[in-house]
There are 2 protein chains.
Amino acid sequence: MKSFKDIVIDKDKDQHLYIQLYKEIKNMILRGQLGEEDRLPPVRKMANLLAVNNITVVKAYEILEQEGLVYKKIGSGTFISKEYIKDFIDRRPSQLYKEIEYQTVTVGQSRVKIDENMINFASGTPSAELFPIDEFKEVLNEVLDRDKGFAFDYQEGKGYYPLRQILVEYIKHYGIYADAENIQVISGAQQGIDIISKALLNYGDYVFVESPSYTGAMAAFHSRGARMIDIPLQQDGLDLKTLEKKIRLYHPKLIYLMPNFQNPTGISYSMEKKEGLLKLCKEEGVYIVEDDYLSELNFNDENNITLKALDLHQQVIYVKSFSKIFMPGLRLGFLVIPSIFNENLLIAKHATDISTSGLLQRAFELYLRRGIWQQHLLYMEGKYQERFKTMVKAIEKYLSKDVGVNIPSGGVNFWFKLPKGFSAIELHSRAETENIALAPGSLFFINNKDDGYFRLSIASVNQSQIEAGIKRLSRIIDEYLDNQAPKRKEPIIKPIL
Amino acid sequence: MKSFKDIVIDKDKDQHLYIQLYKEIKNMILRGQLGEEDRLPPVRKMANLLAVNNITVVKAYEILEQEGLVYKKIGSGTFISKEYIKDFIDRRPSQLYKEIEYQTVTVGQSRVKIDENMINFASGTPSAELFPIDEFKEVLNEVLDRDKGFAFDYQEGKGYYPLRQILVEYIKHYGIYADAENIQVISGAQQGIDIISKALLNYGDYVFVESPSYTGAMAAFHSRGARMIDIPLQQDGLDLKTLEKKIRLYHPKLIYLMPNFQNPTGISYSMEKKEGLLKLCKEEGVYIVEDDYLSELNFNDENNITLKALDLHQQVIYVKSFSKIFMPGLRLGFLVIPSIFNENLLIAKHATDISTSGLLQRAFELYLRRGIWQQHLLYMEGKYQERFKTMVKAIEKYLSKDVGVNIPSGGVNFWFKLPKGFSAIELHSRAETENIALAPGSLFFINNKDDGYFRLSIASVNQSQIEAGIKRLSRIIDEYLDNQAPKRKEPIIKPIL
């Protein structure tokens, strides 16, 4: 720890001495030279140390206190504020952020770094060759010819009204009944989560997330200054007893979840859990943010009903992106929101980007109205089902029985657990050298100490890549486990959640 | 004020008594039944009042304290926290937000409510008929044919690399030299300000804004939990002496400004002020957010150099939207950022919407590379210059000399001041009934008590509308002032800032 007597105060400098002193101490805190609960020297002592007036020290301490950097304990002195330190540390590009960056760069969002020969099980983004370019080009041109410059004008903040109308019709097929006023168009699911945070969360509010969960959502809550509590997932959803206990303890504003084919685990909530969750949250006054990741891709007759379809009391904010089965770069999705939040969310949307691109909204409206979207969805379901079957077969055929696996009933995510003592980060490195990309599970945990999990997604790999990729990856895993055999003493854990 | 003895605790209810009590008190605070610095009854007294154990009250108070709703003063009792109340009030859809809503609905962002015959001086959005649809359609189709599905893939978070490269070349013409790594593509200026807030501001940080300023920026800072200090504008920019004093007092993180053809006043900073500002902010360690609103539209040979072009020490975050002279509904713009913020801004962008629409980025890249943008800019400059001249002439010809006016040297905004005692809100209502839309000045002040100002924009009115509109508005003003003549005792104030 740097000593206070090293502080340099320059009396010839054209800046008040107390400002100099304030800045020096602040810097010591920011650099970590002064930690949580450290005490500042008493005023008189500090003044002597630096050969300045008492009043200079008093003033400097006052500013520090106003900024919340220090606090006074009557009779004991002035201390570095724990809250501030915590806050400050939270704001530094943390491990969490490093991982987002990692995901951004490595996990399929940049075509630059992914080798052409890479079999990319890490990306959750559908393969570009599946996008229905010709049909979309047609509607784009039709909109430009029809609306001319108005296609590029600002839209209503809530979204282009005809699009909201057709969305109301569309979601009826999924058992969701809403008014156009309850629809908020968004520039993708990530923005949806961001504006929900802005509209509903104050600094310091508690938010519950599944453990593991989607990194982007956690980053949005974190950025808002919310405190996150992670609740462990079970095979059929969150444990409601634990949840109830924690709700009573923390009184969260929101709980964020993906009840069907969850990302990253692929698990789905049982009907009992879905209903119990709604009941509990109703009783405790907690709002649910339901991120409907990919409930459409239902391959095993799972009950894939959304919480929103069961939501009789307007407790659920429903987030839907078109990216996952359509075009991620389109940046388009929508929220279905309880009426009481209509105004707040519109304000948050306005402060975020005013409105979503009018051209794209208009084109997508036509795309939905013509039924082209619905055709595309059927096509994608077929494609993904083939991949899904191939994936299940390849796992059964090649993968070491020592590796736990959660076979989902739909969606694109498969979740794996290495035997105890083995690291998914290490596996990731080994796989990378052989042109296989996977997502280490630690990316999806707030407290990412458990390094045994990894996720494989079939979103951007075709059938032959799946077959070849799982074969190769299984061999890499075998080599890793065998090389390290002495360590492997634990029984196989199944199910893995 | 509701009395504490009205609190109902239900012992048969399946919820802990202390939780019930905690919720009751919290509700009283949220409903405003308990105000700032109100004292809660001592534990024993409250327990007697409600016929519960002391420990129930202690626990309830503890939770309230943990949540920051109350605080303890040793020896005096438990008090409602001022900070929290302030915070809570700040978070309610405030006057500020009501005004944004007003702007959203009335000020030209919805085509629904603006009558076709309305002469819209309120909107800052260019007329849809000026948009270069055919050329843009061409590049859109070219991109779709060239890139196929990849046009819809995720882009790098920083933006499509070739677009960033061409932007680097483009801004050289404006004297700004940057690397592609210092460019961050954004979905419009509003998003730019939002992600800057996320990347740089902590809850409670100070931000300085010009008074008056752009409402959307203030909403973004407000939403981030920042404290805003408004600094009065003078005819040639901010008063640097006042600014220096306030910087030393508040140590703001950021100062947000529009140095050329400011919105809403139209004023431009003198070269002396621009340089002085950079020097002062360098000395005090304050970053500048420069919103380059419309510096291109320079009609009177003003020195319209940007602060970014003068920024030798990487102090300026430069925000540029293409909306104002291109297509607002496109939602596209860029930041030029000091290198130290590259990473933080990328993270904030990712948490906000992952990336801006790839299709639009690719189309715009081609649009810039082909030089079509530059042609369009020349065309728009011509159009706006005609409007500008017509506006100046109409003001000279029709407007009462009792109304103060700031004739800008460029841009689209004209700023007016009614004689003392007259209200722009009232004028707005009167004008509206005669199909003239204007923006009351109070929209642009944090503390919107001064109701004498209003803004007229020539962005979405053509020449004949300007001539007819100013003529009609002047007549409405004359009637308003004359009707109320007895009140008009004050001398004319010129210049108005």
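Each chain gets a letter, A, B and so on, in the order its sequence line appears, and its residues count up from 1.
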Legend entry - Passing candidate, side chain to side chain contact (heavy atoms under 4.5 Å, CB included) with B/D194, options A/I195, A/T352, A/D353: A/T352
Legend entry - CZ on A/R331 to CD on B/Q361, rounded to 0.5 Å: 11.0 Å
Legend entry - With A/K158 via salt bridge (charged side-chain N to carboxylate O under 4.0 Å, His left out) - residues at least two apart: none
Inset, instruction - Return yes when atom CD of A/E138 has more than 12 non-hydrogen atoms of other residues, nucleotides or ligands closer than 6.0 Å, and no otherwise. - result: no
Legend entry - Contacts of type ring pair (Phe, Tyr, Trp, His ring centres under 6.0 Å), residue A/Y160, not counting sequence neighbours: none
Inset, instruction - Mind ranking A/K137, A/Q191, A/K148 by heavy-atom pairs under 4.5 Å with chain B and telling me who comes out on top? - result: A/K137
Legend entry - Residue among A/D145, A/D147, A/T356 with most heavy-atom pairs under 4.5 Å to chain B: A/D145
Inset, instruction - Among the options B/I74, B/D134, B/L130, B/L144, pick out the one with the most heavy-atom pairs lying under 4.5 Å from chain A. - result: B/L144
Inset, instruction - Tell me, out of B/N141, B/L359, B/L330, B/I19, who's got the most heavy-atom pairs with chain A below 4.5 Å. - result: B/N141
Inset, instruction - Under 4.5 Å, counting heavy-atom pairs only, tell me which of A/G358, A/S357, A/G285 racks up the most with chain B. - result: A/S357
Legend entry - For B/A351 against A/Q190, the heavy-atom pair lying closest together: O-NE2, 2.8 Å
Inset, instruction - Below 4.5 Å from any heavy atom of chain A, which atoms of B/L360 appear? Answer side chain, backbone, both or neither. - result: side chain
Legend entry - Which atom of A/S223 lies closest to which atom of B/R224, heavy atoms considered: O-NH1, 2.6 Å
Legend entry - Neighbour count above 12 (heavy atom, 6.0 Å) for A/K253 NZ: yes
Legend entry - Segment of A/L140 engaging chain B (4.5 angstrom heavy-atom cut-off): side chain
Inset, instruction - Give the ring-plane orientation class for B/F152 versus A/F136, where under 30° counts as parallel, over 60° as perpendicular and anything between as tilted. - result: perpendicular
